[in-house]
There are 2 protein chains.
Amino acid sequence: MLTQSNSASSSVGRKVASLPCAANDQFGILTGHAGLVATEFTYRKDEEIYGEDEQAEYVYQVIRGAVRTYKLLSDGRRQIGAFHLPGDVFGLESGATHRLAAEAILDTTLRLVKRKSLELSAQSDVRVARDLWSITSGELQHAENHMLLLGRKTAMERVATFLLEMDRRIAKTGMIALPMCRRDIGDYLGLTLETVSRALSELQQQGVLGLSGARQIVLRNRERLADLEA
Amino acid sequence: MLTQSNSASSSVGRKVASLPCAANDQFGILTGHAGLVATEFTYRKDEEIYGEDEQAEYVYQVIRGAVRTYKLLSDGRRQIGAFHLPGDVFGLESGATHRLAAEAILDTTLRLVKRKSLELSAQSDVRVARDLWSITSGELQHAENHMLLLGRKTAMERVATFLLEMDRRIAKTGMIALPMCRRDIGDYLGLTLETVSRALSELQQQGVLGLSGARQIVLRNRERLADLEA
DNA sequence: CGCCACCTCCGGTAAACTACGTAGGGGCAA
DNA sequence: TTGCCCCTACGTAGTTTACCGGAGGTGGCG
């Protein structure tokens with residue numbers, strides 16, 4: 001059962017053009033335009049948000065929680081393309097369908113906007129069109145970096161890169177609170193969960209990081225980690 | 001020494017909106033808009049077109065030849081992100097800089113358009129803005145598929161996928177004429193050139209393909225190849 | 001003609017990772 | 001509390017692939 005609540009474009013007066021306001025710059029795009037109706041929706045842990053090749057009816061923004069987008073091979077092998085954290089927009093497609101599936105990693109609240117209404121808005125407001133392009137371009141940049149990681153980096157380099165990415169994106173008071181399990185990390189980095197676990201243990205033994213619980217990480221030596229990133 | 005020639009927006013009368021005319025649909029975007037000045041430029045084999053993190057002054061379209069875009073690690077490991085063939089647009093950035101380097105694979109003629117003039121055109125014509133987004137979105141889709149390949153497919157599956165991609169993109173009269181060497185293929189697929197070579201030999205032995213010269217490939221059993229793709 | 005780049009084929013070695021197992025501790029939810 | 005999932009930590013075996021060197025063939029080119 002899903003909790004649903006309307007919040008029809010609550011903060012209307014917001015400016016759009018390049019606001020480096022809060023933590024996340026993509027925040028204004030789905031809220032800042034009058035005439036756009038946004039709906040909030042809550043998904044439970046491991047619940048599917050949309051499937052691969054499904055019609056792309058909505059564009060999503062994470063309010064609370066975390067989302068993984070992924071592709072599957074016929075025998076179940078999985079590649080996670082990205083993790084989406086509060087503030088991130090995902091599910092935005094230029095074509096008709098979603099090309100990755102999306103699931104909530106934990107209980108997650110999303111803001112939904114009709115894809116059609118966004119496209120319509122983009123036809124009359126070039127700034128919206130520019131924002132849509134920028135979001136897709138940002139995803140492409142991430143994917144390009146990730147191809148380098150998947151194609152050419154060693155297991156330890158991948159884990160170091162992952163830690164620095166998470167540190168940049170979700171570090172609060174020096175602490176990384178991971179929303180995802182080791183299997184998710186492995187499927188993101190093209191490794192097995194065991195390899196991820198081993199790499200983290202070794203980094204802890206070297207004093208590069210501290211673990212307080214499996215999903216609470218403190219980076220103690222970012223320079224060393226940047227070296228390991230290759 | 002570079003051959004240069006002006007062809008200032010030669011085919012002006014061309015329509016833009018969704019032309020499924022020739023082999024390649026991206027063809028109209030850099031030529032179809034009056035007011036855009038296009039310059040043709042020829043690069044020699046292995047010549048750099050632009051470097052990683054270089055200012056993105058131009059957007060490019062392949063007229064003849066082929067281009068590889070890639071990222072390097074500090075120790076020389078290379079990941080090729082994409083091959084660009086006649087008709088393809090590349091080097092299009094939403095941000096200020098190129099995030100992969102680009103080189104000509106063989107003697108290659110490109111059409112260049114000033115990035116600024118395209119952006120300007122996009123501000124007055126929403127169709128142009130839409131086209132720019134579509135190009136970037138297409139690149140993202142390719143990158144997403146490639147992440148699955150790099151993260152989760154076996155060597156043979158990668159080679160099979162590569163062959164089917166090339167078959168789709170450059171097959172003339174049932175023949176694939178590869179512009180790139182085995183090392184390029186390896187760096188594209190996250191493999192060594194030896195592994196690529198072995199996989200192709202095995203496919204030849206199985207009768208799945210025929211080699212007439214290393215870069216002339218005939219696919220004899222696409223169904224088998226599609227199975228191998230996983 | 002030789003030179004050179006590219007490619008294939010042949011080894012052997014080593015690393016990386018997978019694929020099983022088993023076991024135990026901890027957190028969390030019913 | 002109990003059960004379940006997640007995580008760590010062993011172990012062993014096996015596969016895949018990388019990496020190294022070298023030999024030989026081929027085709028293009030000067």
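Proteins get letters first, then strands, A, B, ... in listed order; numbering begins at 1 in each.
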Original post:
Is there side-chain contact between Leu209(B) and Ile176(B), with at least one heavy-atom pair below 4.5 Å?
Top reply: no
Does the pair [X]/[Y] count as a salt bridge with the N-to-O cut at 4.0 Å?
X         : Y         : answer
Asp187(B) : Arg152(A) : yes
Arg99(B)  : Glu54(B)  : no
Asp184(A) : Arg78(A)  : yes
Glu202(A) : Arg198(A) : no

Subject >> Any Lys45(B) side-chain N or O less than 4.0 Å from OP1/OP2 of dC6(C) >> reply: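 For dC6(C), OP1 or OP2 has a side-chain N or O of Lys45(B) closer than 4.0 Å.
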Let me know the distance between [atom1] of [X] and [atom2] of [N], rounded to the nearest Å.
X         : N       : atom1 : atom2 : answer
Glu157(A) : dA15(C) : CD    : P     : 16 Å
Leu106(B) : dC6(C)  : CG    : P     : 12 Å
Asp184(B) : dC7(C)  : CG    : C1'   : 14 Å
Leu150(A) : dC17(C) : CG    : C1'   : 15 Å
Leu189(A) : dC17(C) : CG    : C1'   : 14 Å

**OP:** Return the set of residues passing side-chain contact (heavy atoms from CB on, under 4.5 Å) with Leu100(A) (not counting sequence neighbours), or none when no residue passes.
**Re:**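 In terms of side-chain contact (heavy atoms from CB on, under 4.5 Å), with neighbours along the sequence ignored, Leu100(A) is linked to Thr69(A), Lys71(A), Glu144(B).
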**OP:** For Glu57(B), check side chain to side chain donor-acceptor pair (under 3.5 Å) against everything at least two apart and list the hits.
**Re:**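 Once residues adjacent in sequence are excluded, the partners of Glu57(B) under the side chain to side chain donor-acceptor pair (under 3.5 Å) criterion are Lys114(B).
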**OP:** With sequence neighbours left out, write down each residue that passes side chain to side chain donor-acceptor pair (under 3.5 Å) with Arg158(B), or none if nothing qualifies.
**Re:**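 Here no residue qualifies.
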Original post:
Could you run down nucleotides 23-30 of chain C 5' to 3' and tag each one B, S or - for protein heavy-atom contact under 4.0 Å?
Top reply: --------
Subject >> Contact letters for nucleotides 7-24 of chain D, in which S counts primed atoms plus P, OP1 and OP2 and B counts the base, heavy atoms under 4.0 Å >> reply: SSS-------SSS-----
**OP:** Determine the interplanar angle of the Phe41(A) and Tyr43(A) rings, folded into 0 to 90°, and report it as parallel if under 30°, tilted if 30 to 60°, perpendicular if over 60°.
**Re:**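 Tilted: the ring planes of Phe41(A) and Tyr43(A) meet at 30° to 60°.
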Subject >> Separation between OG1 of Thr195(B) and CD1 of Ile185(B), rounded to the nearest 0.5 Å >> reply: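 If I round to the nearest 0.5 Å, the distance is 12.5 Å.
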**OP:** Going by the ring-ring contact (aromatic ring centres under 6.0 Å, His included) test, name the single residue among Tyr60(A), Tyr70(A), Phe83(A) that passes it with Phe90(A).
**Re:**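 Per the ring-ring contact (aromatic ring centres under 6.0 Å, His included) rule, the option paired with Phe90(A) is Tyr60(A), out of Tyr60(A), Tyr70(A), Phe83(A).
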Original post:
Considering the terminal five base pairs at each end of the helix from dC1(C)-dG30(D) to dA30(C)-dT1(D), what angle separates the two local helix axes, rounded to 10°?
Top reply: 50°
